[in-house]
Peer 1: 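Mind looking over this structure? Questions follow.
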Number of protein chains: 2
Amino acid sequence: MMGVRAQQKEKTRRALVDAAFNQLSAERSFSSLSLREVAREANIAPTSFYRHFKDMNELGLTMVDEGGLTLRQMMRKGRQRAEAGGSVIRISVDTFMEVLESNPNVFRILLHERSGTSAPFRAAVAREIEHFISELAHYTEATAGRAPDFARAQAEALVTLVFNAGAAALDMKRVDRKVLADRLVIQLRMVAKGAEALQHKMENR
Amino acid sequence: MMGVRAQQKEKTRRALVDAAFNQLSAERSFSSLSLREVAREANIAPTSFYRHFKDMNELGLTMVDEGGLTLRQMMRKGRQRAEAGGSVIRISVDTFMEVLESNPNVFRILLHERSGTSAPFRAAVAREIEHFISELAHYTEATAGRAPDFARAQAEALVTLVFNAGAAALDMKRVDRKVLADRLVIQLRMVAKGAEALQHKMENR
DNA sequence: TTTTTGAGCGTACATCTGTACGCTAATTTA
DNA sequence: TAAATTAGCGTACAGATGTACGCTCAAAAA
């Protein structure tokens with residue numbers, strides 16, 4: 001059981017993380033936030049920040065980990081919906097777009113730091129994306145009977161296309177997102193179809 | 001004919017652009033450069049910067065435009081090589097990897113500002129990428145007989161995969177790049193094959 | 001009860017930033 | 001030749017940043 005003191009500390013820590021997430025937007029990346037800004041938004045003195053994080057990097061990495069987890073949990077929930085029947089691709093895309101709409105800033109930090117200037121950040125984001133890829137590769141291997149290497153390449157392509165579309169969607173209004181989602185579905189089908197065709201070609205030799 | 005004075009001005013302007021390009025690296029993005037840093041590297045006083053650019057944004061947009069142009073020119077040269085025969089996909093990928101290796105910073109600014117915090121930057125990068133996509137869509141339409149909408153979706157997927165691989169390649173050593181390039185070729189073939197299959201499916205209905 | 005711990009604060013400082021302003025000196029124009 | 005233009009510089013300033021240091025005072029440990 002947590003003492004009064006530890007509870008309060010956790011509360012402040014959350015306030016810091018939330019403050020940072022809330023300050024993210026299309027015009028504001030994590031790396032452009034200053035320690036003082038985050039502290040201000042969380043209503044603590046700048047120097048108190050250090051009671052919770054060594055520096056801004058540590059806060060950022062926490063956010064990436066937390067964000068990746070959130071995203072994966074939501075996508076997994078969506079996949080359960082797909083098990084009821086219907087196009088897996090379609091349902092996954094729709095789920096993804098919903099996640100994007102309700103947690104844009106979680107996606108933003110992953111998206112932006114993926115091509116950021118800090119190697120640890122890039123590695124952390126890569127790790128999160130890797131989770132998506134390997135979950136998907138495993139799924140494809142099992143249900144479509146792909147060879148492991150092939151399943152991997154296919155999954156990577158699928159995730160790349162989805163992430164990229166997500167980035168584009170962030171800037172868009174709902175109507176345009178719909179068009180984007182439809183096009184994305186077509187592109188994902190291209191990859192799926194093509195992977196199948198290539199696999200057959202290799203087997204019949 | 002340019003007077004002595006205009007020549008000198010152009011030279012200094014170039015020094016600024018080059019200074020900025022040279023300061024880019026995996027650890028340093030354009031948006032993290034300060035006006036003073038760039039001026040220092042170009043050996044002019046900070047305040048002289050304003051004789052050439054309104055602010056850092058104007059310099060950055062110049063770099064994006066210039067970079068996009070460079071990239072397209074190099075890719076076009078590569079495409080001529082492909083006309084001699086061989087796999088278009090393979091040759092294009094190899095060309096791209098060579099371009100990447102000889103102009104990493106040109107690619108870096110496009111890559112990073114694509115998901116940056118400045119709307120004008122994002123728009124400028126999107127414009128450059130759009131050039132790649134429409135050149136490719138036109139090519140696919142002509143040589144593979146795709147329907148326009150389909151060719152567009154396909155080209156978009158191809159370019160997305162290539163750019164994404166490029167981003168990954170920036171961090172890698174030569175050996176790993178080779179593995180990456182091979183996988184990229186497979187992914188691009190998936191898209192090409194799949195687009196073909198989907199197109200046939202639509203025609204036979 | 002007494003002692004120790006530690007979250008949060010306020011002050012302070014060195015460093016860096018963008019840019020306003022006015023000058024110089026060389027080129028260009030008249 | 002005389003006048004106008006302008007690239008580049010030096011000085012100066014206000015604002016923001018990260019963080020060192022020492023204090024307080026409530027909670028936890030002894």
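Bear in mind the structure is a predicted one, so any value in this text is a computation, not a measurement. Within every chain, numbering begins at 1; the chains are lettered A, B, ... in the order of the sequence lines, protein sequences first and strands thereafter.
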Peer 1: Please state how far atom CD in B:Q8 lies from atom P in C:dA25, giving the value in whole angstrom units.
Peer 2: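 Result: 17 Å.
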
Peer 1: Rounding to a whole Å, what distance do you find between B:R51:CZ and C:dG18:P?
Peer 2: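 The distance from CZ of B:R51 to P of C:dG18 comes to 18 Å, rounded to the nearest Å.
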
Peer 1: Could you state the CD-P distance from A:E10 to C:dA7, rounded to the nearest angstrom?
Peer 2: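 Checked: the CD to P distance equals 12 Å.
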
Peer 1: Which of these passes side chain to side chain contact (heavy atoms under 4.5 Å, CB included) with B:M63: B:N105, B:D18, B:V17, B:L110?
Peer 2: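 Testing B:M63 for a side chain to side chain contact (heavy atoms under 4.5 Å, CB included) against B:N105, B:D18, B:V17, B:L110 leaves exactly one candidate, B:V17.
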
Peer 1: Whole angstrom is fine here: how far is it from NZ in B:K9 over to P in D:dT5?
Peer 2: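 Result: 15 Å.
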
Peer 1: Are B:F107 and B:F96 an aromatic pair, judged by ring center distance below 6.0 Å?
Peer 2: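 Yes, they do, as the ring centres are separated by less than 6.0 Å.
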
Peer 1: So what does A:R40 touch, heavy atoms closer than 4.0 Å: a base, only the sugar-phosphate, or nothing?
Peer 2: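 Touches sugar-phosphate only.
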
Peer 1: Please report the distance, rounded to the nearest Å, between CZ in A:F49 and C1' in C:dG10.
Peer 2: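 For the pair A:F49 CZ and C:dG10 C1', the rounded distance is 19 Å.
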
Peer 1: Is B:N57 atom CG crowded by more than 12 heavy atoms from other residues, nucleotides or ligands, each under 6.0 Å away?
Peer 2: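 Atom CG in B:N57 is crowded, with more than 12 foreign heavy atoms closer than 6.0 Å.
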
Peer 1: Give a yes-or-no answer on whether the side chains of A:Q8 and A:T12 include a donor-acceptor pair shorter than 3.5 Å.
Peer 2: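 Looking only at side-chain atoms, A:T12 and A:Q8 do form a donor-acceptor pair, the distance falling under 3.5 Å.
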
Peer 1: Can you check the B:Q7 CD to D:dG8 C1' distance for me, whole Å?
Peer 2: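 Value for this atom pair: 18 Å.
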
Peer 1: Report each atom pair, protein N/O against N/O of nucleotides 18-20 of chain D, whose distance is under 3.5 angstrom.
Peer 2:
unit_1: D:dG18; atom_1: OP1; unit_2: A:L35; atom_2: N; d: 3.0
unit_1: D:dG18; atom_1: OP2; unit_2: A:L35; atom_2: N; d: 3.4
unit_1: D:dG18; atom_1: OP2; unit_2: A:R36; atom_2: N; d: 3.3
unit_1: D:dG18; atom_1: N7; unit_2: A:R36; atom_2: NH1; d: 2.4
unit_1: D:dG18; atom_1: O6; unit_2: A:R36; atom_2: NH1; d: 3.1
unit_1: D:dT19; atom_1: OP2; unit_2: A:Y50; atom_2: OH; d: 2.7
unit_1: D:dT19; atom_1: O5'; unit_2: A:Y50; atom_2: OH; d: 3.3
unit_1: D:dT19; atom_1: O4; unit_2: A:R36; atom_2: NH1; d: 3.0

Peer 1: Verify whether one side chain among B:S87 and B:R189 offers a donor that lies under 3.5 Å from an acceptor in the other.
Peer 2: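 The answer is yes; a qualifying pair exists.
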
Peer 1: Taking atom CZ as the centre, does B:F21 end up with more than 12 heavy-atom neighbours from other residues, nucleotides or ligands that are less than 6.0 angstrom away?
Peer 2: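 Correct, the count exceeds 12.
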
Peer 1: Within the side chain of B:T62, is there an N or O that forms a donor-acceptor pair under 3.5 Å with the backbone of B:E58?
Peer 2: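 Yes: the side chain of B:T62 pairs with the backbone of B:E58.
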
Peer 1: Check whether more than 12 heavy atoms from other residues, nucleotides or ligands sit under 6.0 Å from atom CG of B:D149, and answer yes or no.
Peer 2: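 No, not enclosed.
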
Peer 1: Strictly under 3.5 Å: I want the nitrogen or oxygen pairs between protein and nucleotides 27-30 of chain C, one per line.
Peer 2:
unit_1: C:dT27; atom_1: O2; unit_2: B:R5; atom_2: NH1; d: 3.0
unit_1: C:dT28; atom_1: OP1; unit_2: B:V4; atom_2: N; d: 2.8
unit_1: C:dT28; atom_1: OP1; unit_2: B:R5; atom_2: N; d: 3.0

